[in-house]
Amino acid sequence: MDYLPLFAALKGRPVLVIGGGDVAARKISLLRRAGARVQIVAQALSPDLRELVENQQVEWLAQAFDEAQLDRIFLVIAATDDPALNRRVHAAAEARQRLVNVVDDRPLCTFIFPSIVDRSPILVAISSGGTAPVLARLLREKLEALLPAGLGRMAQTAGEWRERIKGRLTTVAQRRRFWERALTGPFAGLMAAGNEAAAEDALAQELARPERPVGEIVLVGAGPGDAGLLTLRGLQMIQQADVVFYDHLVSDAVRDLVRRDAEMICVGKRAGSDSVAQQETNRLLVDAAREGKTVVRLKGGDPFIFGRGGEELQAAAEAGIPFQVVPGITAAAGATAYAGIPLTHRDHAQSVTFVTGHYKADSAPFDWAQLAQSRQTLAIYMGTLKAGDISRQLMAHGRDARTPVAVISRGTRADQQVIAGTLQQLEDLAKDAPMPALLVIGEVVQLHQSLAWFNKTQHPESVRSELVNMA
């Protein structure tokens, strides 16, 4: 270990920065966040630093460096493009046993700046010892994605409650179990959602019955398939889950991101096959939360768009279970983007309608005349089985039989397949399409040929000819 990680208390301490350019400004920004009393030595200052000086937020000590300037400072940073000056600063600091950092010159550094994840009062510092700063930055970005933005507020509140909890729970083991539950349960979820008053109420309830906590239910949208489209908040929640109830539409890549020791239970639904009834799913979610577990209901796409998420949260509300929702990228947005089909376009579509194709033929709840209007995009979920009826109804109500359509199968995944054609061909196009599949109907589909960027697109020769002839 070449460097011992330390967190220095700089509040009110004098720190000398040699240099007045952009690099010096970046270092000074960090120092000011830590409360340091910054003094600058530079021939000239950047506009940002000059403004700080004018507002008396930093001190412009001198234009030229003098070794005596180091006598009463805590540490020094050399951020100039003059190698000789940088070496002078280093030698003077070493002679006085002052910590010194010479930017981008590792041998002349007795301390280095790490990459920082700031969730004050929680701080995470990552360093490669100056050997691979880009790698350290990439690691920081990964940690930024994993650590909730509300982590600092959570830590602050925990600190404020610390003595109260010590008075209620007398042993270290009791306090450890309490905090393990609190920091992964409703208190943590409510803090992340910004509801600090409710979070403190949850903490008080946890303290009142530390051995029988009530868990929570978190509805998480898994997105259309590509694990990279899972939201940051969604990733954080599946990493905290005790049990995850998931659908068939949730991809293997997303499920692989779930906390390793979490219990995984499939409650998915597939047309034409056995599935868990919705009421049974609701009961399972509530029962698990009543056992004190953090329960994640992981649903493909967005849970509030044809996902019956509202019904599940109604059951949680009726049972008095705390809950929260993490939206996801819905299939219509994700799959069409990966297929190079913009849902709206000034030249082709001024509106978009999301429709479910899962309906009874004798009681379809649609205004077909409205749906058949041109210059709009229809994104139809679960529509392959009814594709023939959908196309016939739209054409019967005035939609041009030559309207471009696309069937996007397994959208955003490595095996994505897009087949494009016209409305009159929709039934044949959808007949053997791999599931899950999304139907897209509208003039914007013709942009697919020029905007497709992900994976390869399948175009049957007959379909390609039809599209060419339309022009």
Side-chain angles (χ1 to χ4, degrees), residues 2-65 69-70 73-94 98-145 147 149 151-152:
D2 294 330
Y3 294 89
L4 177 65
L6 297 172
F7 289 89
L10 296 183
K11 187 165 293 185
R13 296 182 184 273
V15 175
L16 185 65
V17 177
I18 315 300
D22 292 338
V23 174
R26 289 197 295 271
K27 301 301 182 185
I28 289 170
S29 176
L30 283 174
L31 294 169
R32 293 185 61 244
R33 284 168 57 185
R37 183 159 55 89
V38 178
Q39 300 174 345
I40 305 173
V41 172
Q43 290 184 349
L45 299 181
S46 69
D48 289 344
L49 291 182
R50 185 175 291 277
E51 183 177 352
L52 291 177
V53 170
E54 292 172 353
N55 293 330
Q56 298 183 339
Q57 293 174 313
V58 299
E59 178 186 359
W60 190 1
L61 187 65
Q63 289 184 305
F65 172 68
Q69 294 163 352
L70 299 179
I73 58 96
F74 186 69
L75 55 83
V76 59
I77 299 163
T80 81
D81 55 4
D82 184 342
L85 175 56
N86 290 341
R87 286 194 296 271
R88 279 185 58 212
V89 173
H90 170 262
E94 284 281 80
R98 297 291 191 267
L99 291 173
V100 59
N101 177 275
V102 178
V103 177
D104 289 336
D105 198 339
R106 180 186 168 202
L108 299 185
C109 294
T110 55
F111 81 93
I112 56 178
F113 282 90
S115 290
I116 298 171
V117 180
D118 188 356
R119 301 287 187 271
S120 295
I122 301 296
L123 292 175
V124 180
I126 309 107
S127 173
S128 65
T131 60
V134 173
L135 177 59
R137 177 177 58 79
L138 292 174
L139 290 173
R140 187 203 72 200
E141 291 173 0
K142 291 181 182 296
L143 290 174
E144 288 275 9
L147 299 179
L151 194 62

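Everything numeric in this text was worked out from a predicted model, so none of it was measured. For this chain, numbers begin at 1 and follow the sequence in order.
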So, taking the atom named [atom1] in [X] and the one named [atom2] in [Y], what distance separates them when rounded to the nearest 0.5 Å?
X	Y	atom1	atom2	result
L45	Q63	CG	CD	8.5 Å
Q56	E54	CD	CD	10.5 Å
R50	N55	CZ	CG	12.5 Å
I73	R37	CD1	CZ	11.0 Å
R119	L151	CZ	CG	7.0 Å
I40	L61	CD1	CG	9.5 Å

Quick check: do [X] and [Y] have side-chain heavy atoms less than 4.5 Å from each other?
X	Y	value
L31	I77	yes
I112	R106	no
L52	R32	yes
V117	I126	yes
V76	I18	yes
D105	N86	no
L10	L75	yes
R98	L16	no

Check your understanding: Does CD belonging to Q43 count more than 12 external heavy atoms closer than 6.0 Å?
Key ->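 Atom CD in Q43 is not crowded, with 12 or fewer foreign heavy atoms closer than 6.0 Å.
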
- Query: Near D104 CG, under 6.0 Å, is it more than 12 heavy atoms from other residues, nucleotides or ligands?
  - Reply: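 For D104, atom CG is not crowded (no more than 12 foreign heavy atoms under 6.0 Å).
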
What heavy-atom pair brings [X] and [Y] nearest, and what distance separates the two atoms?
X	Y	result
G129	S127	N-OG, 2.9 Å
G152	P121	O-CD, 3.4 Å
V89	A78	CG1-CB, 4.0 Å
A79	V103	CB-CG2, 3.9 Å
I116	R140	O-CD, 3.2 Å
S46	D22	CB-OD1, 4.2 Å

Check: [X] side chain, [Y] main-chain N or O, donor-acceptor pair, under 3.5 Å:
X	Y	value
W60	A42	yes
Q69	A64	yes
N101	F111	yes
T80	G19	no

Regarding R137 and E141, does a basic nitrogen lie under 4.0 Å from an acidic carboxylate oxygen?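 A salt bridge is present here (some side-chain N lies under 4.0 Å from a carboxylate O).
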
